[in-house]
Amino acid sequence: MPEPLASEYLSVLNEQQKEAVIHEGSPLLILAGAGSGKTRVITTKIAYLIAEKQVPPQSILAVTFTKKAAKEMQERAVLLEPAASQSWIRTFHSFGAWFLRRYAEEACVDKNFTVYDEDDMTTLVGKAVPALSRQEAARAVHKISLAKDYCLMPDSKNLVQIESSPEFPAIYAAYEKRLRETGNVDFGDLIMRPVQVLEAYPEIQLQMQYRFRVIMVDEYQDSNVAQFKFLQALSGVQNGSDTYVCVVGDDDQSIYRFRGAEVQNILTFQQHFPGTQIIRLEQNYRSTSRILAAADSVVRSNKDRLGKTLRAVRGEGGQPVMVFLPGQDDEAMFCADLIMRAHEKGTPYRDWAVLYRTNAQSLEFETEFLHKKIPYTVVGSLKFYEREEVKDILAFAAFILNPRDEIAFRRIVNKPARGAGPKTQEAVIDAARAAAAEAAGAETGSETAASDAATGSLLQACRDAVAARTGKGGAVPKSVAGLNTFAGIAGELTEFLDGQTQPDVKLSEFISKIAERSGLSEYHAADDEISGTQRTANIQELINSAVLYPCSREGLIAYLDSIELDRTLEKPGDEPDADTVTLITLHNTKGLEFRRVIITGLEEGIFPRQDKSGDDLEEERRLFYVGITRAKDELYITSCGLRRLYGRTEYMHPSRFLAEAAGKDVFKLLGNVPPSFRAGSVGSAGFGTGGAGAGADPLAQKWRRGTRLYHDDYGYGQVMDASFIDGEFVITVAFESGGTKRFLPAYQKNHLVIVKD
DNA sequence: CCCGTCGTTATTTTT
DNA sequence: TAACGACGGG
């Protein structure tokens, strides 16, 4: 087959895209607006570099944030240039995992590490600092993760900016020590530790510079400090390396500040990569122009942006619709009706996506769609891999891979019950840690630096405990018998895995064997009988998902990585091409597009979420922008007057984002449109308006500033402020208990009474 | 050691 | 409202 000519794939690009593809010689920052064809640019660039610039494909590294994006990028690059199959197109985290396994010794991790999730981390913090409650431990875990996103160690001076509590550094340090004893890593380590290795070992940095000549980063606006440092260290800019660095991002789509993403990375890129050229991609190929106008009307309220104007290539299209509904049930019904009616006219379900701010909101749609027989797929929140039975099996697999894994050990040693309770577990773990410490001490001064594989092994510690108690005569305690049973099973499974010689045996055989031999299958099957759960089916699904991997240590590592490094992965067994409506959080839509999009729950407190202001509020607004720009043909926005929240029905306000956008006359308004949104009052749409006629309203007469009152739930308080917002009379009340709340007195007759002094 | 009941509490967003 | 943790009984 003849090599495709560069002109063939360049000819379909616009001028800016072409410029970005053929650019060379300096760092490059591509500011790519939504739908401007950035994936096409990156993939074409990869093909171009290989075919026209003779860059070896394996020396190209392209980094994305999600596995889905990585997969798509690789597929599209390969279509343009088959040799791109050898290029490294991966997520930041899977690249970090590869790096850590390769330099395991320098990074002080076990080569066979598995990745602890938040839950595992919390357990470990709880063990490292027993004084903490589970809740406190969870809070600490959150802060530790954030610290790692910023590459901060327990002794870093700047740690106070993450968490000012004086106890925190000690908690972090204790956790870190304990984590290292297991040899495993957490999510943050996948980026932070490679950075530390690169900074500590110049020769490794040189190896990387030699190996990767081209580094590209997608979704750069969502990179965090650790990832920035990773990029810096890999490319070796400070050392004058000529590695070609190209990052692609859109500051308007930065939505991960809460987990350490730094918009500064994109805003100050030029300063850290001197000589950077900037290319803007502003032609939008995705959406019709009225949808883009809606998007622009939203994001233009943000102050902190580089500024960019999308030009629509497609036609004007239909007018986006804003719908005001009485309650969340009506919202679900509205969506269902819309989708069903379109389906009757031939629109497939897969054209539709229903977007919401929090995962919990998916429930109303699931219920309604189930009822109306509309097929749907919930993206992301599928906690398949967090289910107890699934975690149990995976923990057993992880333990066999790394028998120092304290968390996995605790989880499975006594499941099903074998008489080895917490006290026994503690003793075994302490013994293993003592053995490891002793070995480490003995090592000092001797030249046997490589750590013994059995050192600190909990499996070995179990066997030792058994050996110490048997042969002494007398009855063997139940706990020791339990450890013996467990050690027997774990030993047998380890031998099975290591004894595999035929290459065509699938890993599913091994996973299945774990389920059977561990007794976990039976244990969970019993639960199915009693509570009618799906555990056996889930275990079977898990076993099936391992069929793609070979039955070996390497295969098992790859399998566990694939699960641990991408939680958004669809549930195994879900067919990807089914004709279903997509239910998805706004965050998860990053990089996706749909013909028809419904963004739901546009209410104050929900979206934007309560207590958002300043930079956080701007991020919420960008999230709205991301949602709008997913739509190709049709866009609907819904807002409810009532919503059930914490089991209580609350009266809701339309989101301030709606007022910001409606003033521009870009939306068609439907439903119970609040007065301030109606034609004629467009100019005054927004918050803090009203005032006129307030004195005449009976409610305003009753609830004046200073009025003392009593609320059923919150107790005694005083009206601090009273005003009309969006045509509704709202009071702000300060309670004696401390908090402040806002109410709509019109709807609080049963809960709110005036008290006379 | 396992099960049930009662009371409390929680909701961002995710690699 | 639902889910989970603490507690107590069997």
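Residue numbers start from 1 in every chain, and the chains themselves are labelled A, B, ... in the order their sequence lines are given, proteins ahead of strands. Here the structure is a predicted model, which is why all the values come from computation and not from measurement. FYI, side chains are in, hydrogens and waters are out, and symmetry mates aren't considered; it's all heavy atoms of this structure.
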*side-chain contact (heavy atoms from CB on, under 4.5 Å) with Asp330(A): which residues, sequence neighbours excluded?*
Leu325(A), Pro326(A)
*Nearest-Å distance for atom pair CZ/C1', residues Phe607(A) and dT12(B)*: 12 Å
Might you list the N or O atoms of the protein lying below 3.5 Å from N or O atoms in nucleotides 6-11 of chain B, with each pair's distance?
residue: dA10(B); atom: OP1; partner: Gln135(A); partner atom: NE2; Å: 2.7
residue: dT11(B); atom: O3'; partner: Arg609(A); partner atom: NH2; Å: 3.1

*Integer-rounded Å distance: dC1(B) C1' and Lys423(A) NZ*: 16 Å
_Judged by each residue's nearest nucleotide on DNA chain B, which is more toward the 5′ side, Asn414(A) or Thr91(A)?_
Asn414(A)
*How many Å lie between CD on Gln227(A) and C1' on dT14(B), as a whole number?*
12 Å
_Regarding Phe258(A), tell me which of base, sugar-phosphate or nothing describes its non-hydrogen contacts under 4.0 Å with the strands shown._
base
_dC4(C) to dT13(B) separation - C1' atoms, rounded to the nearest Å_ = 22 Å
*dC2(B) P sits how many Å from Lys415(A) NZ, rounded?*
11 Å
*asked:* Students often get this wrong, so: under 4.0 angstrom with heavy atoms, is Tyr256(A) touching a base, only sugar-phosphate, or nothing?
replied: sugar-phosphate
*Check the distance between dT13(B)'s P and Leu583(A)'s CG and give it to me in whole angstrom.*
15 Å
*Gln328(A) CD to dT1(C) C1': how many Å, rounded?*
11 Å
*Side-chain donor-acceptor pair present, Gln74(A), Glu72(A), cut-off under 3.5 Å*: no
_Any residue meeting salt bridge (Lys or Arg N to Asp or Glu O under 4.0 Å) with Arg357(A), in chain and number order, not counting sequence neighbours_ = Glu620(A)
*Tell me what Arg644(A) touches on the nucleic acid: a base, only sugar-phosphate, or nothing, going by heavy atoms under 4.0 Å.*
nothing
*Determine: side-chain N/O of Thr585(A) to OP1/OP2 of dT12(B), distance under 4.0 Å, yes or no.*
no
*Below 4.0 angstrom from OP1 or OP2 of dT14(B), is there any side-chain N or O of Asn588(A)?*
yes
*Using whole Å, report how far CD of Glu388(A) lies from P of dC4(C).*
11 Å
*Let me know the distance between CG of Leu355(A) and C1' of dT12(B), rounded to the nearest Å.*
15 Å
_Partners meeting side-chain hydrogen bond (donor to acceptor under 3.5 Å, both in side chains) with Asp110(A) (sequence neighbours left out)_ = Arg404(A)
*Pair listing, salt bridge (charged side-chain N to carboxylate O under 4.0 Å, His left out) test, anchored in residues 130-142 of chain A, at least two apart*: Asp119(A)-Arg134(A)
*Using 4.0 Å as the upper bound for N to carboxylate O, is an ion pair formed by Arg257(A) and Glu618(A)?*
no
*Applying side-chain contact (heavy atoms from CB on, under 4.5 Å), name anything that partners Thr582(A), two or more places apart in sequence or on another chain.*
Ala353(A), Val379(A), Ile584(A), Phe594(A)
